[in-house]
Each structure stands twice: as structure tokens, then as C-alpha cells.
Number of protein chains: 2
Amino acid sequence: MCVRYVNQLGGRGLFTTVVSVPTLPARTSRRAVYDELRRRVVTLQLPPGAALSENELAAELGISRTPVRESLILLSQEGLVQVFPKVGSFVSRVDPDRVADAQFLREAVELASLDDVPADPAPDLVAELRANLAAQEAVDQDADAFFPLDEEFHHGLLRLAGHERTWPTVVAAKGHLDRARRLGLTENASMSVFRDQHEAVLDALLRGDRAAARTLMRTHLRAVFADIERVRRRSPELFASNAGSVPTRRSVAVWD
Amino acid sequence: MCVRYVNQLGGRGLFTTVVSVPTLPARTSRRAVYDELRRRVVTLQLPPGAALSENELAAELGISRTPVRESLILLSQEGLVQVFPKVGSFVSRVDPDRVADAQFLREAVELASLDDVPADPAPDLVAELRANLAAQEAVDQDADAFFPLDEEFHHGLLRLAGHERTWPTVVAAKGHLDRARRLGLTENASMSVFRDQHEAVLDALLRGDRAAARTLMRTHLRAVFADIERVRRRSPELFASNAGSVPTRRSVAVWD
DNA sequence: ACACATGCGCTTACATACAAGCGCCGTACT
DNA sequence: AGTACGGCGCTTGTATGTAAGCGCATGTGT
């Protein structure tokens, strides 16, 4: 086998910015479609079980099937979409197993990260976290506004430890967890509780009490589990049943 | 916006096997290409910096560009390939940052997993791990045979704790780490050391000494780092320089 | 000799055409 | 009435065609 081997000149500075982006390369059509579809799925605007036709989406977005299809493939690798060859593509139902997996992964990463927070964290990062906490208080009771702030806060904690590049991995793995959280939060608003937990974790960290920070973080991360079972009882059709149910084409129009 | 919502009949048993597979759906051409390309990349058969032309690969594999292109997109999301629009696709150089990220992620997951190993693990899983250790000893000094066993051992430890579904996430994140490991192992054979460390971890686990297991596991997981710097000095062209060097099209034929 | 402009060849991005398979539904038969 | 069968319409998978852009080489002017 012959492989073309490319030596490097470098220093052109041409792709230096692109290289730093680990996801999709540039502002391509595929990137736009992927971002939009992912947003619709994690915000439940596209509910679990919804059919995603490549043709329909292409027509709606005014483009061809190719970028739509490639986006669906990416989403399927994330587990947010299931593609059944020659049958159809569907928003995956929330899988309790995957929720638990993401919970475990997140706990492992975020708790381990706490151990790597330096004694004197970067002041600008701390200021950002404080501002974020203030914003969390301001938007109380608005789940759509609270969620991005929540995400940014946890991402910020990873940055504090120098592990910010692990965040994308966590994000990719917790799509099911996020949807379950969103289901829980829109029903009963426990956002103020979460905000206070965030603040407690940060305070413990800044006073150097890592043991307390770990305990508080663990408690915080597990708070969502109490909700999920209740949500599952209320809306079982959004969850995957372990019996192996499968979507069919019998469809109902739903408007939002 | 109108979304088609699909209610579920289920119980057909048609897709039940497919549903359990979180990756690519079936035995499609794309799946075969993806598996093959990923194998070539992580085994360094396709070395970091190698140019990957959609046309060339399609011709070599006797298929069209479409499945090749989709495989490259998937690999690019894993970070093993970099796609520069209108320029070319290249096997990404080993990024020390990503190696460190994967190391952190792996440590976090595998150490946390140890805490969840039950007091009386499933005997069949333990037997598998023992058999794996024996096999590791048998293939000593053969890196290509050792690596799959190593992977299976760590995967097996996760199964012991009931967290086997987290393994794919770790695998996806540690492509750069694996390539660095392979570079280190093919030069000086420390496989017997690693095997003994594996056994020590398992022994500590089975006698219920989690603290020792954690320490041993941490030591084991960090053993690779000593090698990577040395490898980087020997083969800097395989690593990404932080200065932002970029592959160009000046190519040299390399045969293997 | 060196700097610069221009065209060619390659690349990927996107669009379209064709192929193959599954599920639904109508029909005919029992 | 119930069941088996076959066509039809939809789906995704693959192949191919078109468009646009970058890099390098070449040639030209200074």
C-alpha cells in the first residue's frame, strides 16, 4: 500500500485557527444544519421519537440532502438520533441507561477536576463564575435562559482546573441527560436550588476546602436523578422502553 | 414548524439489536470504511500527517466517494483526521494536549469506576480478566497483539463496575493517546511491566482493597507519560507543534 | 536574481440521480 | 371475518455530477 506522506512547512498561519477547532471545520452548510438540529433536539423542540426525513429537512432548510444527511450521521454518533437504514431516522427516545452513563461520566470528570484546581485560581475566571452566578439568580424560573448559564458554569469550573478541553467530550456524552434534565426543570422549577448549590461549590473551592467541594458537587450532580423517575412516569412515551419498542411510520402531525 | 411525531407500537423485535448499537447502524459500506480507516490510523499504518484523498481512497477501496467522505467526517469529529475545506484531509498529528486530555478523562473514569466495583464481582467476568492476563503474558513483546488485550482488560474492569457503556466514550477520546502509546511501546517493550500492573490492580480489587487499587491504577495509567516525551524528541514530525504548523501538499511516497 | 501575477490541477462542499429495501395498505382468497 | 400476498410509496445508501477555492508552478516583469 502506498501512502502519501506530507511533510510540514508550517508557519503559514493559515489554518492555525482552524486547527484549534476540534469539531466541524468551518462555517459550512453542514455545520449550520448540525448546530440547528442539535439545538432542536436538546431543547425538545424536536421531541424524542420524532421522524427526521432527510428529504423533508433538506426542503425545509432549502438545501440538498447531502449536508442534512451528514449532520444526521454526526447526531447519530452522539446518540441523539437513530438511523434505521431504508426505514427512517428518528430522534432517539431518552434512554435511562445513557442518562446514567452520562451522570457517571460527568461525576467522574467534574469531581476529578476539582482536585486539580490550583490554590490561587485565575482571578478573571473566578470573576466570570461570580458574574454567572448573579445571572443565574436574575433569570430564575426561566429554564431556557437558565440552561446555558448552568452549562457555562460547569464548563468554567473545568477551566479553573485547566481541563476545559474535556468539556466537549462531556457535552457529547450527556445529550440524553440534558433532555431528561430539561424535562424535569420545565415541570417544577428547582433552579434556585441548583444556583445555591453552584455557589456553595465555588465557595468551598475558593476557601480551599476540596473535600467539601467534592461532597457538594456530588450532591448537586445527583439532584437531577430524583426528578427523572417522576418525569418518566408522567411522560413514558419520551423514554426508551427496555422491551425494545421501535418507532413505526404511523405518524401524527404535531404543531408548536 | 410542523414535526411529524411517531407513536410507538413496538414489540416487533425487528430493530432491537440495532437499537443496542450506539455507533454506526449496520454492516454498511460506510461502517466498513470507517473501521478500516480508524484501524489504519490508530495502528500508525497511516502515519500522522498522511494525506487522505477522498478520490484516492474511493478508488483503492473500489467504492464511491460518498461512504469515504462520510467516514472521514466521523474521524474528523473524533479528532483523528483534520479536514481543511477545499484543501485536503490529513491524519492529524499527535496532539500532546489531546493526549493529556485523554489521560485525565481516562484516569477520572477508571478511578471512579473502581469505587463502584461490588464486593463480590461476577465470577465469569473475573475469569475473563484472568484469562486475559494469561494471554497478555503469552504475547509478550508483540505490541500488535498486546494492545487489543490491554484494551479488553480495561474495558473488562469497567464491566466489573457496571460502567461498560462508558468505554466507547473513553475510546473515542483517546485516539491520540493510543497512538502515542503505540509509538512508545514499539520502541522499548514495557509490556511485561504493564501486565504486572494490571494483575496488581485486579488482585487489590478482589481482596477489597480499593485504596490500593486506586493507587496502583493511577500509577499504571501514568506510566505512559514517561515515554511520550522521549518519543516526541525522537519523532517530532509525528506530533503537532504548538506553533501552528500545517501540512502542505508537498508529498513523498512512502511504502510499507 | 528576485518579486509578483496568473493559470492549472488538485482538493473538498454541495447537488442530483440511481439503487435497494422495508412497511403500509389494498386486494383477493379462504 | 380473517389472513395471506403483492404493489406502491417512502425511506436511506451509494454513485456521480457540478461548483468553488486554495496551493503550487510557471512565466513574466523588474
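Every chain is numbered from 1, with letters handed out A, B, ... down the list of sequences.
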- request: Please state how far atom CD in Glu54(B) lies from atom C1' in dC10(C), giving the value in whole angstrom units.
  value: 12 Å
statement: From CG of Leu74(B) across to P of dG13(D) the rounded distance in Å is 12 Å
Salt bridge flag under 4.0 Å for residues Lys174(A) and Glu151(A): yes
field: Value in whole Å for how far the P atom of dG23(C) lies from CZ of Phe84(A)
entry: 11 Å
field: Salt-bridge present (Arg93(B), Glu237(B); N to O < 4.0 Å)
entry: no
- prompt: Can you name the residues that form a ring-ring contact (aromatic ring centres under 6.0 Å, His included) with His154(B), not counting sequence neighbours?
  reply: His198(B), His220(B)
statement: Between CZ of Arg69(A) and C1' of dC14(C) the distance, given in whole Å, is 14 Å
- request: Return no unless some side-chain N or O of Asn55(A) is found under 4.0 Å from OP1 or OP2 of dT11(D).
  value: yes
field: Nearest-Å distance for atom pair CG/P, residues Leu57(A) and dC10(D)
entry: 16 Å
- prompt: OP1, OP2 of dT12(D) versus side-chain N and O of Ser89(A): anything below 4.0 Å?
  reply: yes
5' precedence on DNA chain C between Glu70(A) and Gly88(B) (nearest-nucleotide basis): Gly88(B)
- request: May I have the distance from Phe90(A) (atom CZ) to dC22(C) (atom P), rounded to whole angstrom?
  value: 14 Å
query: Rounded to the nearest Å, what distance is computed from the CG atom of residue Leu61(A) to the P atom of nucleotide dC14(C)?
result: 13 Å
query: Got a sec, which residues hit side chain to side chain contact (heavy atoms under 4.5 Å, CB included) with Ala122(A), two or more places apart in sequence or on another chain?
result: Asp124(A), Leu125(A)
Under the side chain to side chain contact (heavy atoms under 4.5 Å, CB included) test, residues paired with Arg38(A) that sit two or more places apart: Tyr34(A), Val42(A), Leu75(A), Glu78(A), Leu80(A), Val171(A)
task: Quickly work out the Lys86(A) NZ to dA19(C) C1' distance and round it to whole Å.
output: 8 Å
- prompt: Quick one: ring-ring contact (aromatic ring centres under 6.0 Å, His included) partners of Phe104(B), sequence neighbours excluded?
  reply: His163(A)
Nucleotide nearest Arg30(B) (side chain, heavy atoms from C-beta), chosen from dC22(D), dC22(C), dT14(D): dT14(D)
Sort me out a list of protein N/O and nucleotides 15-17 of chain C N/O pairs below 3.5 Å, or just none if empty.
unit_1  : atom_1 : unit_2   : atom_2 : d
dA15(C) : OP2    : Ser64(A) : N      : 2.9
dA15(C) : OP2    : Ser64(A) : OG     : 2.8
dA15(C) : O5'    : Ser64(A) : OG     : 3.4
dA15(C) : N7     : Thr66(A) : OG1    : 2.7

- prompt: Who are the side chain to side chain contact (heavy atoms under 4.5 Å, CB included) partners of Arg65(B), not counting sequence neighbours?
  reply: Glu54(B), Asn55(B), Ala58(B)
